[in-house]
Protein chains: 2
Amino acid sequence: MPAREPPKRRSRAAEARPYHHGDLRRVLIDAALQLAAEGGEVSVREAARRAAVSPGAPFRHFPNRDALMAAVAEEAQRRFRVEIDAVLTQAPAGDPLARLRAFGLAYLRWAMRNPAHFEIISTGRYFAHGSSPGLTRDNAELIGLTERMLREAAALGLLRQGELKPIQIAARALVYGFARMNLDGHFPRWGVEEGEIETMAEAVIDVFISGIAKPKRGS
Amino acid sequence: MPAREPPKRRSRAAEARPYHHGDLRRVLIDAALQLAAEGGEVSVREAARRAAVSPGAPFRHFPNRDALMAAVAEEAQRRFRVEIDAVLTQAPAGDPLARLRAFGLAYLRWAMRNPAHFEIISTGRYFAHGSSPGLTRDNAELIGLTERMLREAAALGLLRQGELKPIQIAARALVYGFARMNLDGHFPRWGVEEGEIETMAEAVIDVFISGIAKPKRGS
DNA sequence: TCCGTTATGTAATCATCGATTACATTTGGC
DNA sequence: GCCAAATGTAATCGATGATTACATAACGGA
């Protein structure tokens with residue numbers, strides 16, 4: 001809400017809104033993001049309504065609805081990426097499986113806490129998938145990260161099995177599936193406790209990690 | 001296309017369609033199902049159009065769009081269930097992990113080959129989730145199946161770990177995630193080979209099963 | 001400082017969709 | 001046969017994405 005100082009050059013005091021919106025593009029993205037977070041359908045008109053602007057105005061900034069949704073997805077992805085990176089920088093550099101675990105945990109934590117945003121990022125239902133090269137590239141980078149971690153783990157002899165590709169796909173499917181099950185209502189309301197589901201996420205990740213890790217002597 | 005013999009009692013030869021459609025409800029469900037399979041949005045009007053009927057006619061059979069989509073989902077779920085059951089009846093009764101594997105494989109095979117139907121069943125985005133008790137119950141039964149298999153496996157001492165719930169959730173998340181990754185376009189076109197993705201599905205399931213299974217002596 | 005070009009928002013309009021209502025026709029039981 | 005219920009049609013409404021013509025602000029060069 002703050003920091004939205006419209007540049008009212010001529011200080012005609014009573015004029016509530018200047019003709020030109022301060023940064024409509026930005027405000028529209030935020031409105032759509034918030035709209036998505038509230039769970040309802042995201043319509044261009046509603047976003048315009050929230051920005052107190054005419055229904056046609058958004059199309060000055062986005063050629064069509066898809067473009068707006070793509071921008072929203074990119075913003076959400078950016079926030080997602082920031083959190084992932086933050087977690088990874090303080091994960092133990094020498095233990096690839098611990099890093100993989102931390103990655104998966106951060107991924108799920110964000111997806112649990114920002115379900116609508118995660119949906120927009122991941123689904124390609126809100127806008128034509130692949131219409132945003134930035135999103136695709138960003139996603140590819142994350143996939144590359146997991147690949148590297150698994151290769152490292154294999155090189156250190158930490159894995160029980162040689163074939164890396166199925167393991168990597170399985171890891172992605174597991175995490176993605178958990179996040180989507182949450183989104184798609186496959187978890188019963190599951191207690192009032194908000195954190196309970198995150199605890200389960202952790203347990204699930206541990207099942208997988210310990211499943212691919214070579215068992216330590218004496219266990 | 002065949003077997004849609006309208007009951008033209010009075011054989012007024014030139015009358016193309018009788019006023020009353022033979023079984024409009026059924027035809028609408030099929031049309032919507034096919035519409036979904038073609039990937040486009042499923043609109044009531046388009047379904048009506050395909051049934052060669054007025055835009056308002058469907059609402060004589062379904063109170064609203066959701067009800068139609070729920071009926072579609074139930075039909076898709078029925079077909080899904082038939083295939084799963086068929087596979088399970090001829091899976092080895094004594095080996096719960098083999099049964100679990102067969103189950104997962106059948107699940108993914110169907111999801112790969114009927115992506116749109118799977119989406120309708122699983123997502124609750126096409127109609128208010130839980131508006132169909134039959135669907136919910138059916139789903140619960142499948143979940144119960146996996147639970148039973150895992151309990152059996154634990155009883156036979158086939159598992160490496162005692163905690164069943166995380167394993168069960170992980171299994172569901174893995175399979176669901178793989179299916180959804182396919183739906184959501186997370187797999188690059190992945191070769192022209194249609195079967196390649198099913199091969200990968202098998203490998204992924206094997207990674208998981210061998211991860212939770214107690215390693216046999218000498219491996 | 002003024003003027004004109006460009007960026008940006010508004011107003012009006014269109015087609016599509018889900019949904020409702022009034023009306024028409026067929027069907028089937030009495 | 002006849003009448004009520006079932007079923008389809010036509011007309012209509014409000015919301016939406018999208019396009020177009022028009023209005024106004026913003027900005028830079030003369």
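These figures come from a predicted structure and were not determined experimentally. Below, chain A is the first sequence line, B the second, and so on; all start at residue 1.
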Can you check whether A/R49 has a side-chain N or O nearer than 4.0 Å to OP1 or OP2 of D/dT16? yes
Would you say the ring centers of A/Y176 and B/H186 fall short of 6.0 Å from each other? yes
Starting at atom CZ of B/F59, determine the distance to atom P of C/dA22, rounded to an integer number of angstrom. 17 Å
Would you please name every residue forming a side-chain contact (heavy atoms from CB on, under 4.5 Å) with B/A170, sequence neighbours left out? A/L174, A/V204, A/V207, B/F208
Once you round it to whole Å, what is the distance between C1' of D/dA6 and CZ of B/F62? 15 Å
Using a cut-off of less than 4.0 Å, is there contact between a side-chain N or O of A/H61 and OP1 or OP2 of C/dG9? yes
Rounded to whole angstroms, how far apart are CG on B/L35 and P on C/dT16? 16 Å
May I have the distance from B/L68 (atom CG) to C/dC17 (atom C1'), rounded to whole angstrom? 14 Å
Closest-nucleotide 5' rank along DNA chain D - winner of B/P55 and A/P63: B/P55
Measure from CG on B/L28 to P on C/dA19 and round the result to the nearest Å. 14 Å
B/D66 has an atom CG; how far is it from atom P of C/dC17, in whole Å? 17 Å
Rounded to whole Å, how long is the line connecting atom CZ of A/R65 with atom P of D/dG17? 6 Å
Which nucleotide in the set C/dT10, D/dT9, D/dG17 lies at the smallest distance from any side-chain heavy atom of A/S54? C/dT10
Between A/R45 and A/G56, who's closer to the 5' end of DNA chain C by nearest nucleotide? A/G56
Polar contact flag, side-chain donor to acceptor under 3.5 angstrom, A/R180-A/T123: yes
Is there a donor and acceptor pair closer than 3.5 Å between the side chain of B/R60 and the base of D/dG8? yes
Consider the side chain of A/N64, meaning its heavy atoms from C-beta on, and name the nucleotide among C/dG9, C/dG18, D/dA18 that approaches it most closely. D/dA18
Nearest-Å distance for atom pair CZ/C1', residues B/R25 and D/dG8: 17 Å
B/Y107-B/F118 aromatic ring centre distance below 6.0 Å: yes
In this structure, CZ of B/R137 is separated from CD of B/Q77 (nearest 0.5 Å) by 9.0 Å
May I ask you to say what B/S43 touches in the nucleic acid, namely base, sugar-phosphate or nothing, with a heavy-atom cut-off under 4.0 Å? sugar-phosphate
